[in-house]
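In what follows, residues are counted from 1 in the order of the sequence shown. We count ligands from 1, going down the list as the structure has it; atoms in each ligand are counted the same way.
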Amino acid sequence: MSGMEIRLNRLLNEQSGRAMIVAFDHGQSLPMKRGIGSPVSLLKKIIEGRPEGVLINRGMLQQCAADFAVPGAPQVILRADWTTLDSDMKADMGEAYRSLVEPEEALSLGATAACLYLIGRPKATGMFFDNIREVAKFISKAHKVGLPVIVEATLWGLKNDDQKAVDPLRQMCRIAAEIGADAIKTEYVGDIEDEKSLIEDVGDIPVFTLGGSATTPEKAFESASQAIESGAKGLIFGRNVWQAEDIVGTITKFREIVHQ
Ligand SMILES: O=C(CO)COP(=O)(O)O
């Protein structure tokens with residue numbers, strides 16, 4: 001077993017073999033809702049809920065390194081890139097993608113894994129060429145130092161109307177798997193059989209489901225359950241966790257769904 005596999009398995013719960021991961025990497029690419037408080041106190045609450053991992057950017061990891069250094073703290077998944085996700089930013093500067101952190105830096109910052117976007121169907125087709133090359137290069141460098149890479153395969157490009165269209169999304173996930181992703185992060189497409197087909201099509205690597213914008217707790221819990229029923233290895237949920245009134249209680253509920 002390689003260092004990469006050892007690190008990837010650290011993300012999984014020892015009983016269920018699955019993971020509830022909280023994404024808190026939004027501030028780098030999206031406007032944050034006013035009044036939700038300091039990112040440091042939010043991150044401390046997230047850590048208190050004891051998810052298996054937290055997806056964050058370099059800056060917040062630097063500010064909260066001590067909280068991740070205590071025994072039993074969640075594993076760190078470092079967001080290693082940036083893109084224009086916000087519609088105002090897209091209107092202002094167009095679609096763009098850059099990787100920001102090298103695999104060696106991710107390791108030295110304490111990351112167990114890194115996460116990078118692969119954004120399907122941008123209007124600016126050149127962006128996809130850059131995106132796929134940068135992710136593939138990152139994977140090849142990361143594997144030299146034993147760092148697993150989660151590729152976030154999406155249809156967030158401006159050419160696309162339906163971000164959950166199963167066949168083009170299945171293709172994006174397959175591309176991510178083919179360029180060497182160790183795990184995939186992608187949408188729950190809203191139908192268990194469709195999601196199963198997408199998960200099956202990437203082979204043997206784990207697929208984690210992302211959350212999307214905040215909805216009612218009932219809807220978020222339902223789509224989380226369906227994603228797990230489809231065969232997802234876990235959740236990487238953000239706004240439905242840290243925009244909730246009771247962050248720790250919400251993580252506990254998602255953990256029950258994932259580890260049932
Ligand atoms: O994809 C994510 C951020 O990287 C997950 O966060 P959301 O659940 O808020 O969409």
Side-chain angles (χ1 to χ4, degrees), residues 11 19-33 36-37 39 42-43 45-46 49 51-61 74-87 89 97-101 106 111-120 131 135 149-157 160 163-164 169 172-173 176 181 183-190 195 198 206-228 232-245 247 250-251 253-255 257-258:
L11 296 177
M20 166 59 198
I21 294 166
V22 177
F24 192 54
D25 58 331
H26 304 56
Q28 189 163 276
S29 290
L30 288 172
M32 297 300 281
K33 204 172 160 193
I36 57 169
L42 279 179
L43 198 45
K45 274 269 164 241
I46 292 168
E52 271 69 41
V54 180
L55 169 62
I56 45 172
N57 298 305
R58 176 187 198 131
M60 285 309 136
L61 176 53
Q75 302 291 314
V76 170
I77 301 162
L78 190 74
R79 162 71 57 199
D81 57 359
W82 170 89
T83 188
T84 40
L85 283 184
D86 172 40
S87 47
M89 258 194 191
Y97 174 88
R98 293 288 184 278
S99 73
L100 300 181
V101 180
T112 301
C115 184
L116 291 96
Y117 301 109
L118 185 67
I119 297 172
N131 189 174
V135 174
V149 181
I150 302 172
V151 176
E152 183 164 359
T154 73
L155 294 174
W156 293 344
N160 202 70
Q163 298 189 342
K164 297 188 178 196
L169 190 60
M172 289 308 300
C173 292
I184 307 279
K185 171 176 185 255
T186 194
E187 314 269 359
Y188 173 60
V189 294
E195 192 74 9
L198 180 153
V207 174
F208 298 101
T209 302
L210 64 82
S213 46
T215 174
T216 62
E218 295 71 30
K219 280 190 187 157
F221 296 146
E222 195 192 347
S223 70
S225 306
Q226 291 179 1
I228 297 300
K233 254 308 192 196
L235 309 175
I236 307 186
F237 270 38
R239 289 160 286 184
N240 282 293
V241 172
W242 46 262
Q243 285 184 12
E245 235 156 71
I247 294 175
T250 303
I251 295 173
K253 178 72 192 160
F254 278 121
R255 283 180 55 83
I257 292 169
V258 170

**Student:** Assess R79 against Y117: is NZ or CZ under 6.0 Å from the centre of the six-membered ring, and within 45 degrees of the ring's axis?
**Tutor:**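 So R79 does make the cation-pi contact.
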**Student:** Taking D25 for the side chain and N57 for the main chain, is one N or O donor matched with an acceptor at less than 3.5 Å?
**Tutor:**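 Side chain of D25 to backbone of N57, a donor-acceptor pair under 3.5 Å: no, none is there.
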**Student:** Residues in side chain to side chain donor-acceptor pair (under 3.5 Å) with W156, at least two apart?
**Tutor:**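 Residues passing side chain to side chain donor-acceptor pair (under 3.5 Å) with W156: E187.
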**Student:** Which atom names give the shortest non-hydrogen contact between A232 and T209, and what distance separates them?
**Tutor:**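 Where A232 meets T209 most closely, the heavy atoms are CB-OG1, 3.5 Å.
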**Student:** List the atom of N240, the atom of F254, and the distance in Å for their closest heavy-atom pair.
**Tutor:**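 That closest heavy-atom pairing would be O-CE1, 4.1 Å.
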**Student:** Near ligand 1, which residues have a heavy atom under 4.0 Å away from one of its atoms?
**Tutor:**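 Contacts of ligand 1 under 4.0 Å: A23, D25, H26, L55, R79, E152, K185, L210, G211, G212, I236, F237, G238, R239.
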**Student:** Of L55, T250, V241, which is the lone residue that meets side-chain contact (heavy atoms from CB on, under 4.5 Å) with V22?
**Tutor:**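 Result: among L55, T250, V241, V241 is the only option passing the side-chain contact (heavy atoms from CB on, under 4.5 Å) with V22.
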